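These notes are about the structure you will find just below.
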Number of protein chains: 2
Amino acid sequence: MATHSSARTATSKRSGSQLSPEAIIEASLRIAARGGDDAFTVRRLGQELGCDPTAVYRHFRDKDELLLSVADRTLGEALDGVPHGLAWRDRLRALAAESLRVGMKYPVVSSLMASRTTRRPNEFRIVELILGAVHEAGLTGADAAVHYRMFGDSILAYVGQHAALQLFAPTEREADQSAWSREYRLADRERFPRIAGLVEELAAVTHEEIYAARVEALLDKIERRAAEVRAAEAAADG
Amino acid sequence: MATHSSARTATSKRSGSQLSPEAIIEASLRIAARGGDDAFTVRRLGQELGCDPTAVYRHFRDKDELLLSVADRTLGEALDGVPHGLAWRDRLRALAAESLRVGMKYPVVSSLMASRTTRRPNEFRIVELILGAVHEAGLTGADAAVHYRMFGDSILAYVGQHAALQLFAPTEREADQSAWSREYRLADRERFPRIAGLVEELAAVTHEEIYAARVEALLDKIERRAAEVRAAEAAADG
DNA sequence: ACCTGAACACCGTTCAAGT
DNA sequence: ACCTGAACACCGTTCAAGT
């Protein structure tokens with residue numbers, strides 16, 4: 001009896017099952033979605049799994065390797081939200097929207113992945129999707145490659161930026177966000193006439209508007225580049 | 001004599017001068033530019049200043065307040081690199097280039113600022129510059145505000161993304177970066193035909209090309225939106 | 001008035017010890 | 001074969017004590 005007493009006091013612990021990479025990834029997603037200061041710490045993960053924090057190192061070389069696996073899961077979740085049968089522009093638009101939605105669901109993950117590649121299956125699927133879309137738009141070869149990177153890297157950066165903001169302690173986030181309606185409202189009209197003249201408009205801009213403008217800028221660029229190439233080829237042929 | 005012995009053994013310490021916010025900011029810039037794992041830690045800063053690490057808290061409420069002051073200095077450095085007399089497009093292009101250059105000079109700072117505002121003088125100057133440029137492009141009111149945010153936030157996100165990548169330990173950065181020439185080269189041709197077909201082009205894309213495509217996409221968007229508004233106004237007038 | 005330095009509550013990770 | 005838990009080398013920050 002004495003030998004089981006510590007297991008007794010934490011009845012949720014272990015539940016008889018062995019730890020597995022799968023279980024660790026799923027627990028990571030749960031705590032990442034729950035948010036908070038310790039949204040993705042090894043100790044919090046051990047708590048969620050009901051085991052010693054360091055047990056994770058039996059299944060993943062280090063926390064970074066776990067992060068990449070977890071992140072690839074979130075990429076899959078975003079991908080699954082993109083409907084089939086859309087034309088290239090709507091397909092990329094949907095991918096951008098899903099990436100933001102899922103990214104905000106697991107902000108600690110997307111903020112850490114803003115400049116990373118998972119090099120795992122779901123990333124391959126997303127790359128294939130974007131390459132298919134830019135091909136459908138009319139880009140080939142090096143043009144397709146550059147514009148794929150432009151789109152993919154930008155979405156990653158935007159989502160990571162949004163997510164990092166959400167991770168902030170509410171008080172600091174508020175200070176950063178309310179800058180437009182507070183500090184900027186007090187800007188010296190002599191030195192900063194443009195700011196002074198647009199103070200109301202600057203305070204009224206929403207994240208949705210900004211994200212839409214960013215995504216549309218990228219889609220427009222792909223479309224225009226394809227038109228440029230077509231025009232050049234027509235000129236060469238004629 | 002005994003009372004001075006500890007000061008003796010560290011002759012570079014204090015050098016008689018009081019600590020000041022200025023001195024702390026400049027020391028922060030020096031260690032941030034030098035890079036490394038402890039590029040911006042309180043302990044490393046104390047070492048650089050030749051004083052106890054916690055002395056910094058006499059002059060800044062916390063590390064975040066110091067970060068914002070340091071970041072605003074880097075914004076000023078970027079701004080000073082933008083030549084006068086350029087037309088709006090070249091002015092924004094120059095700002096984007098200088099932001100990247102300075103951001104990579106202090107990667108630890110720009111990676112931390114990717115989703116932040118400093119709410120300090122040099123940020124006001126940059127906002128004024130961008131607003132002036134979009135106004136020159138032909139945007140007014142809410143359009144000017146949204147497209148300013150689109151441009152400003154995107155540059156911040158791109159530079160932060162680049163900087164975060166550079167901060168990585170070389171081995172991990174290499175793994176992430178070489179993905180295109182390693183993992184992706186091994187992609188299954190059946191499942192990922194687009195990737196397989198563009199493997200060489202994907203591996204050959206440079207950061208400079210990607211950054212140029214991203215920036216030009218934003219500039220094009222501003223120009224096209226202005227043209228749209230002009231066309232709508234002409235239609236309403238005629 | 002300002003700086004010091006021990007201390008606290010955290011991190012990720014290692015490793016000898018358990019089972 | 002796998003997990004445990006003490007320990008290590010770090011963080012940012014607080015606070016009583018020095019000068």
Side-chain angles (χ1 to χ4, degrees), chain A residues 2-10 12-24 27-28 31-32 36-70 108 111-112 167-169 171-172, chain B residues 1-10 12-24 27-28 31-32 36-70 108-109 111-112 167-169 171-172:
Chain A
T3 57
H4 288 100
S5 66
S6 71
R8 278 276 182 84
T9 54
S12 72
K13 280 204 177 189
R14 306 302 323 288
S15 53
S17 69
Q18 294 276 85
L19 225 48
S20 70
E22 279 304 298
I24 294 172
S28 300
I31 63 175
D37 273 354
D38 56 353
F40 191 37
T41 67
V42 177
R43 282 169 176 83
R44 179 80 189 73
L45 186 54
Q47 204 177 315
E48 178 72 18
L49 287 162
C51 71
D52 190 273
T54 63
V56 171
Y57 290 89
R58 286 279 131 206
H59 301 88
F60 293 92
R61 186 163 39 80
D62 53 25
K63 200 189 164 190
D64 195 63
E65 209 205 339
L66 171 59
L67 168 66
L68 295 183
S69 296
V70 171
V108 68
S111 71
L112 290 171
L167 283 180
F168 262 161
T171 76
E172 280 169 330
Chain B
M1 262 167 90
T3 56
H4 287 101
S5 67
S6 72
R8 279 275 184 86
T9 54
S12 71
K13 281 204 176 188
R14 306 301 323 288
S15 51
S17 69
Q18 294 278 84
L19 225 47
S20 70
E22 278 305 298
I24 295 171
S28 298
I31 62 174
D37 274 353
D38 56 353
F40 191 39
T41 67
V42 177
R43 281 168 177 81
R44 179 78 188 75
L45 186 54
Q47 203 177 315
E48 177 73 18
L49 286 162
C51 69
D52 190 272
T54 62
V56 171
Y57 289 89
R58 287 277 131 207
H59 301 88
F60 294 92
R61 186 164 40 81
D62 53 25
K63 201 190 164 190
D64 195 62
E65 210 205 338
L66 170 59
L67 169 66
L68 295 183
S69 296
V70 170
V108 68
V109 175
S111 71
L112 290 171
L167 283 180
F168 263 159
T171 76
E172 281 168 330

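Since we're looking at a predicted model, the values are computed, not measured. Below, each value reflects all heavy atoms present in this structure, side chains not excepted, and no hydrogens, waters or symmetry copies.
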Open item on the list: What stems show up for DNA chain D when you take Watson-Crick pairs (N1-N3 plus N6-O4 or O6-N4) and G-U wobbles (N1-O2, O6-N3), both under 3.5 Å, and require three or more consecutive pairs?
Closed with: C:4-8 with D:12-16, C:12-16 with D:4-8

Task: Sub-4.5 Å side-chain heavy-atom contact between B/R44 and B/E48 - done: yes

- [ ] Check whether any side-chain heavy atom of B/T54 sits under 4.5 Å from a side-chain heavy atom of B/V42, and report yes or no.
- [x] no

TODO: Write down the distance between CG (B/L66) and P (D/dC11), rounded to a whole number of angstrom.
DONE: 15 Å

TODO: Starting at atom CG of A/D38, determine the distance to atom P of C/dC11, rounded to an integer number of angstrom.
DONE: 6 Å

TODO: Please list, chain by chain and in numerical order, all residues satisfying salt bridge (Lys or Arg N to Asp or Glu O under 4.0 Å) with B/D64, sequence neighbours excluded.
DONE: B/R116

- [ ] Measure the CD1-CZ distance between B/I24 and B/R58 for me, rounded to the nearest 0.5 Å.
- [x] 11.5 Å

Task: Sugar-phosphate or base contact per nucleotide [nucleotides 12-19 of chain C; S, B, -; heavy atom under 4.0 Å] - done: BBB-----

Open item on the list: If I take atom CZ in residue A/R44 and atom C1' in nucleotide C/dC11, what distance separates them, rounded to the nearest angstrom?
Closed with: 16 Å

Task: Between CG on residue A/D38 and CD on residue A/Q47, distance to nearest 0.5 Å - done: 7.5 Å

Open item on the list: Nearest 0.5 angstrom please: A/D62 CG to A/L68 CG, how far?
Closed with: 8.5 Å

- [ ] Rounded off to whole Å, could you give me the CD-to-P distance for the A/Q47 and D/dG5 pair?
- [x] 14 Å

- [ ] Return the value, rounded to whole Å, for the distance between atom CG of A/L19 and atom C1' of D/dT4.
- [x] 13 Å

- [ ] Heavy atoms only: give me the nearest B/L19-B/C51 pair and the separation to one decimal.
- [x] CD2-SG, 3.7 Å

Task: Nucleotide D/dC3, atom P - distance to CG of A/L49 in whole Å - done: 10 Å

Open item on the list: Any heavy-atom pair between the side chains of A/L66 and A/F40 that's under 4.5 Å?
Closed with: yes

